[in-house]
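I have placed the structure first, in the form of structure tokens, so that the comments after it can refer back to it.
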Amino acid sequence: MEVDLIFKVAAIGIIVSVLNILLSRSGREEQALMTTLAGLLVVLVTIVREISELFDMIRSLFGF
């Protein structure tokens, strides 16, 4: 089992949280919110890609 996906999601989460804190403290709450949404979108796209690969593997395993 690969743990690379977990590390990718954790790294993105750490980077986004640091950027969010920095932007919020500098008074740029709107940009902090956009950064958080962009990070969430990147994580969701990554997870959807991995789920798609899982379904392709299951499909090929059962011969569909």
Side-chain angles (χ1 to χ4, degrees):
M1 182 174 173
E2 295 183 31
V3 293
D4 292 341
L5 179 63
I6 296 170
F7 288 138
K8 284 180 188 177
V9 170
I12 292 170
I14 291 169
I15 292 170
V16 167
S17 64
V18 168
L19 286 174
N20 191 0
I21 290 170
L22 289 174
L23 289 170
S24 293
R25 291 201 178 169
S26 67
R28 299 179 177 177
E29 285 80 15
E30 294 86 13
Q31 291 176 349
L33 178 64
M34 289 298 164
T35 303
T36 304
L37 290 176
L40 179 64
L41 183 66
V42 168
V43 169
L44 286 176
V45 167
T46 304
I47 291 175
V48 166
R49 187 179 311 137
E50 292 293 324
I51 290 173
S52 173
E53 289 178 12
L54 174 67
F55 284 150
D56 289 340
M57 184 177 63
I58 291 172
R59 188 178 306 137
S60 68
L61 180 67
F62 290 111
F64 291 124

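Computed from heavy atoms alone, side chains included, the values below leave out hydrogens, waters and symmetry copies.
Between the side chain of S52 and the backbone N or O of V48 there is no donor-acceptor pair closer than 3.5 Å. Looking at S24, its side chain never comes within 3.5 Å of a backbone N or O of I21 through a donor-acceptor pair.
Atoms CD1 and CG, from I47 and L54 in turn, are 13.0 Å apart once rounded to the nearest 0.5 Å. For the atom pair F55 CZ and L61 CG, the distance stands at 13.5 Å (nearest 0.5 Å). Atom OG1 of T35 is separated from atom CZ of R28 by 10.5 Å, given to the nearest 0.5 angstrom. For the atom pair L5 CG and I51 CD1, the distance stands at 9.0 Å (nearest 0.5 Å). Note: L19 CG to Q31 CD = 11.0 Å, rounded to the nearest 0.5 Å.
Residues F7 and I14 do not share a hydrophobic cluster, defined by chaining ILVMFWY side chains whose heavy atoms lie under 4.5 Å apart.
A side-chain donor-acceptor contact under 3.5 Å links T36 and N20.
The minimum heavy-atom distance between G39 and V16, with the atom names listed, is CA-CG2, 3.7 Å.
Side chains of L41 and L37 form no contact here, defined as non-hydrogen atoms less than 4.5 Å apart.
For residues 46-64, the salt bridge (charged side-chain N to carboxylate O under 4.0 Å, His left out) pairs, not counting sequence neighbours, are D56-R59.
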